[in-house]
Amino acid sequence: MSFKDSVVMQVFRGEDPARIPVWFMRQAGRYLPEYQEIRARHSMLDVIRTPELAAEVTLQPLRRFELDAGIIFADILNPLIGMGIELDFVEGTGPVISNPVSSRGEIERLLVPAPEENVPYTLKAIRQVSSELTPRNIPLFGFAGAPFTLSSYLIEGSSSKNLEKTKALFRGDIESWRNLQEKLLRLVEDYLVAQVEAGASAVQIFDSWVGHLAPVEFSERVVPDLAKLVHSVKARTSVPILYFGTMTAGLLPHFRSIGADGYGIDWRSTLSDARKLIGDGPVLQGNLDPSLLSLPAAGIDTHVHAVLKDGRVAGRHIFNVGHGLLPTTSIDTLSRVIEVVRGGA
Ligand code: CP3
């Protein structure tokens, strides 16, 4: 696979791209009427588990917008089902795990199924989408949750404000924490490799809630696992690996030790500051505040130009949001953003 005309791959290769690449985290989702239409008839888990639907939803934003990458439709949490957890996506609440883990024994009992058994539907969806996108030179991102963020859902059972139970295990029962991380590391490594084998041309590791940790906890107790994960995936594949988190301003000096090819930065840091803290080399992806996209298109240009300018200072920039698109995103505003980034304005 060469993807020689893909601007995303040019940036990863360290070349000057013909223009700044643009795609969006959670670019398939509720802000699109065509997504809503499918979700009116199928639950979130049904869409994920039906390759034809997952492929269709992945392609929806690529039909509507001139995007430089796709991201396979799934969630970071559905691969946990095969470990023995019960997951549902509840309207208005988000993901809910009805049997979260808290004790040593519960962690001990978690299974680590092979991806071909656990998530065959996602691998099939990747095969379908990549066969459509590869001839068009559009790379497809595969992804997985990072062990820390996955642990937070396994332990809390849903999205949590302060991650108190997670931090209690992280600090209070180091042996159980290690046991959990070892299982998740195996699950995630094999899952990412399987996605690449199915046709993903890059992978992103989502560590959305890692910013809850202090820098020293991150560098001493999380970075070594991430570095091991990145190293192991790199030993088995040859695609770019991106690491993303939010509220990471204080963690950025430690990012380099993870060894990823690129890092997703949220809007609480500037890309140029992130460059100074991370150092030269890795790609930086981001970092428009997604809440700006619910404003009318007329006011958006200034914000996009500011990110582009900061990205020029930082270098090796892929334009994206600093966190996933919100359901309130305006389609007109998003179209305008893409037009501006692509140089049409
Ligand atoms: O980026 C993409 O378009 C690919 C699909 C994708 C989804 N979730 C679809 C989704 C990806 C990459 C994710 C990652 C994910 N999921 C993360 C990491 C990124 C981030 O946003 O921090 C996290 C923490 C989750 C867990 C999760 N899934 C939450 C907290 C929620 C509820 C949030 C909400 O806005 O309701 C989900 C549900 C979810 N995942 C939706 C989508 C499109 C909404 C589902 C629906 O109701 O139709």
Side-chain angles (χ1 to χ4, degrees), residues 23-83 85-98 113-136 138-145 150 153 158-159 187-188 190-204 206 208 290 321 324-329 331 334:
W23 70 280
F24 299 98
M25 295 185 285
R26 237 180 249 186
Q27 62 191 20
R30 286 164 294 182
Y31 74 100
L32 286 175
E34 57 271 33
Y35 174 85
Q36 295 275 21
E37 209 222 298
I38 287 184
R39 282 283 283 102
R41 289 179 284 123
H42 307 275
S43 72
M44 172 74 176
L45 277 173
D46 282 348
V47 180
I48 292 176
R49 286 168 166 164
T50 312
E52 294 68 30
L53 292 178
E56 167 60 22
V57 164
T58 301
L59 292 167
Q60 283 177 344
L62 292 152
R63 290 196 195 105
R64 201 184 257 272
F65 307 110
E66 285 193 281
L67 294 162
D68 294 310
I71 178 160
I72 194 65
F73 190 80
D75 196 84
I76 61 166
L77 300 178
N78 63 279
L80 303 180
I81 294 171
M83 298 186 91
I85 68 114
E86 285 152 32
L87 169 74
D88 200 5
F89 290 93
V90 179
E91 206 65 53
T93 308
V96 176
I97 291 171
S98 59
E116 296 73 18
E117 283 164 42
N118 189 22
V119 283
Y121 40 82
T122 300
L123 302 178
K124 193 167 175 205
I126 290 175
R127 279 182 218 109
Q128 281 186 23
V129 175
S130 68
S131 70
E132 195 155 324
L133 294 184
T134 304
R136 291 164 59 190
I138 299 176
L140 176 67
F141 275 82
F143 70 90
L150 293 176
Y153 282 98
S158 58
S159 300
L187 188 90
V188 170
D190 288 348
Y191 184 33
L192 290 173
V193 170
Q195 291 181 67
V196 174
E197 286 168 352
S201 27
V203 292
Q204 179 158 329
F206 285 91
S208 306
V321 268
L325 293 184
L326 301 166
T328 49
T329 298
I331 288 169
L334 197 64

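Worth knowing before you read on, the calculation uses all heavy atoms, side chains too, and leaves out hydrogens, waters and symmetry mates.
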Please walk me through it: do Ile38 and Gln60 pass side-chain contact (heavy atoms from CB on, under 4.5 Å)? CA-CA 11 Å; Ile38 287 184; Gln60 283 177 344; 3.5 Å; yes

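- Remark: Glu34 engages Arg64 in a salt bridge, criterion side-chain N to carboxylate O under 4.0 Å.
- Using a 4.5 Å heavy-atom threshold, the side chains of Pro115 and Val193 count as separate.
- Checked by atom type and distance alone, the side chain of Ser201 pairs as donor or acceptor with a backbone atom of Leu140 at under 3.5 Å.
- Rounding to the nearest 0.5 angstrom, the gap separating the CZ atom in Phe24 from the CZ atom in Phe65 is 8.0 Å.
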Audit row: Leu45, Asp75, side-chain contact (heavy atoms from CB on, under 4.5 Å) steps and yes/no: CA-CA 9 Å; Leu45 277 173; Asp75 196 84; over 6 Å; no

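- Listed by first and then second residue, the ring-ring contact (aromatic ring centres under 6.0 Å, His included) pairs that reach into residues 28-47 are Tyr35-Phe73, sequence neighbours excluded.
- Within the model, atoms OG1 of Thr328 and CZ of Arg30 stand 9.5 Å from one another, a figure rounded to the nearest 0.5 Å.
- You'll find the side chain of Leu87 stays beyond 4.5 Å of the side chain of Leu80, heavy atoms only.
- Put simply, CD on Gln195 and CD on Gln204 are 11.5 Å apart, with the number rounded to the nearest 0.5 Å.
- In this structure, Asn118 contributes its side chain and Pro79 its backbone to a donor-acceptor pair below 3.5 Å.
- Ser159 places a side-chain heavy atom less than 4.5 Å from the side chain of Tyr153.
- With sequence neighbours left out, the ring pair (Phe, Tyr, Trp, His ring centres under 6.0 Å) criterion links Tyr121 to no other residue.
- Here the CG atom belonging to Leu334 is positioned 6.5 Å from the OG1 atom belonging to Thr329, to the nearest 0.5 angstrom.
- Ring geometry for Phe206 versus Phe143: interplanar angle over 60°, hence perpendicular rather than tilted (30 to 60°).
- Considering CD1 of Ile48 and CD1 of Ile81, their distance stands at 7.5 Å, rounded to 0.5 Å.
- Taking OG1 from Thr134 and CZ from Arg136, the interatomic distance works out to 10.5 Å, rounded to the nearest 0.5 Å.
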